[in-house]
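Here is the structure we will look at.
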Amino acid sequence: MSEDNGSSGGKRLLRIRQGRIVAGVCAGLGAYFGVDVNLVRLAFGVFTVFYGLGILLYLIAWLILPEQGEDGSIVESFVSKRSSRL
(Lines give C-alpha, C1' and ligand atoms only; values in the text may rest on other atoms or scores of the structure.)
Protein backbone atom coordinates (compact mmCIF):
# COMPACT_ATOMS: atom_id res chain seq x y z
CA MET A 1 0.00 0.00 0.00
CA SER A 2 2.93 2.35 0.31
CA GLU A 3 4.72 3.67 -2.72
CA ASP A 4 8.40 3.37 -3.38
CA ASN A 5 10.36 6.56 -3.63
CA GLY A 6 12.07 6.42 -7.02
CA SER A 7 15.19 8.24 -5.85
CA SER A 8 16.02 6.20 -2.75
CA GLY A 9 14.19 2.93 -3.39
CA GLY A 10 12.62 2.91 0.12
CA LYS A 11 9.11 3.31 1.45
CA ARG A 12 7.48 6.72 1.77
CA LEU A 13 5.02 7.73 4.43
CA LEU A 14 1.92 8.82 2.49
CA ARG A 15 -1.76 9.45 3.00
CA ILE A 16 -3.33 6.40 1.35
CA ARG A 17 -6.49 6.65 -0.76
CA GLN A 18 -7.54 3.01 -0.37
CA GLY A 19 -9.23 2.30 2.96
CA ARG A 20 -9.39 5.90 4.06
CA ILE A 21 -12.21 7.28 6.17
CA VAL A 22 -11.30 10.96 6.48
CA ALA A 23 -7.97 11.97 4.94
CA GLY A 24 -6.00 8.72 4.78
CA VAL A 25 -3.59 9.50 7.60
CA CYS A 26 -4.36 6.38 9.65
CA ALA A 27 -4.38 4.17 6.56
CA GLY A 28 -1.00 5.58 5.52
CA LEU A 29 0.52 5.12 8.96
CA GLY A 30 -0.82 1.59 9.19
CA ALA A 31 0.56 0.65 5.77
CA TYR A 32 3.94 2.25 6.47
CA PHE A 33 4.48 0.57 9.84
CA GLY A 34 2.76 -2.69 8.88
CA VAL A 35 0.06 -2.42 11.55
CA ASP A 36 -3.69 -2.81 11.29
CA VAL A 37 -5.26 0.53 10.44
CA ASN A 38 -7.86 0.05 13.17
CA LEU A 39 -5.11 0.01 15.80
CA VAL A 40 -3.82 3.32 14.48
CA ARG A 41 -7.35 4.76 14.58
CA LEU A 42 -7.75 3.47 18.14
CA ALA A 43 -4.48 5.15 19.14
CA PHE A 44 -5.68 8.47 17.72
CA GLY A 45 -8.95 8.02 19.61
CA VAL A 46 -7.14 7.31 22.88
CA PHE A 47 -4.89 10.34 22.43
CA THR A 48 -7.98 12.45 21.75
CA VAL A 49 -10.02 11.25 24.74
CA PHE A 50 -7.28 11.08 27.37
CA TYR A 51 -4.78 13.70 26.30
CA GLY A 52 -6.65 15.92 23.83
CA LEU A 53 -3.85 15.55 21.30
CA GLY A 54 -5.32 13.08 18.81
CA ILE A 55 -7.12 15.62 16.65
CA LEU A 56 -4.15 17.99 16.70
CA LEU A 57 -1.74 15.20 15.72
CA TYR A 58 -4.08 14.04 12.97
CA LEU A 59 -4.37 17.57 11.53
CA ILE A 60 -0.60 18.04 11.60
CA ALA A 61 -0.09 14.69 9.84
CA TRP A 62 -2.74 15.64 7.25
CA LEU A 63 -0.86 18.85 6.51
CA ILE A 64 2.65 17.42 6.25
CA LEU A 65 2.08 13.97 4.68
CA PRO A 66 1.75 13.95 0.89
CA GLU A 67 -1.23 12.16 -0.59
CA GLN A 68 -0.66 8.99 -2.58
CA GLY A 69 0.17 9.97 -6.16
CA GLU A 70 1.17 13.53 -5.24
CA ASP A 71 4.69 14.95 -5.12
CA GLY A 72 4.31 17.15 -2.07
CA SER A 73 2.18 17.81 0.97
CA ILE A 74 -0.39 20.55 1.52
CA VAL A 75 2.19 22.62 3.41
CA GLU A 76 4.78 22.21 0.65
CA SER A 77 2.33 23.35 -2.02
CA PHE A 78 1.28 26.34 0.12
CA VAL A 79 4.88 27.37 0.70
CA SER A 80 5.81 27.01 -2.97
CA LYS A 81 2.79 29.07 -4.08
CA ARG A 82 3.59 31.73 -1.52
CA SER A 83 7.27 31.91 -2.46
CA SER A 84 6.46 32.16 -6.17
CA ARG A 85 4.34 35.25 -5.50
CA LEU A 86 7.26 37.09 -3.89
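Residues take their numbers from the sequence shown, with the count starting at 1. Treat the numbers as computed from the prediction; the structure is a model and nothing was measured.
- I60 contributes atom CD1, which lies 11.0 Å from atom CG of L65 (distance to the nearest 0.5 angstrom).
- A continuous path of hydrophobic side-chain contacts links V46 to F33 [ILVMFWY only; heavy atoms under 4.5 Å].
- In this structure a side-chain-to-backbone donor-acceptor pair under 3.5 Å is missing from Y58 to C26.
- For the pair W62 and A23, the tightest heavy-atom approach, listed with the atom from each and the gap, is CD1-CB, 3.2 Å.
- Between E76 and K81, none of the side-chain N atoms (NZ, or NE/NH1/NH2) sits under 4.0 Å from a carboxylate O, so this pair counts as no salt bridge.
- For the atom pair CD1 (I55) and CZ (F44), the distance works out to 11.0 Å, reported to the nearest 0.5 Å.
- When all heavy atoms are compared, the tightest approach of G28 to I16 is CA-CG1, 3.3 Å.
- The shortest non-hydrogen separation linking Q68 to Q18 is OE1-N, 4.4 Å.
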Only pairs under 3.5 Å count here: list side-chain donor-acceptor contacts from residues 34-42, not counting sequence neighbours, and write none if there are none.
residue	atom	partner	partner atom	Å
N38	OD1	R41	NH1	3.3
R41	NH2	G19	O	2.9

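- The shortest heavy-atom contact between P66 and L13 is CD-O, 3.9 Å.
- Applying the side-chain contact (heavy atoms from CB on, under 4.5 Å) test between R15 and each of I74, L29, V22 identifies I74 as the sole match.
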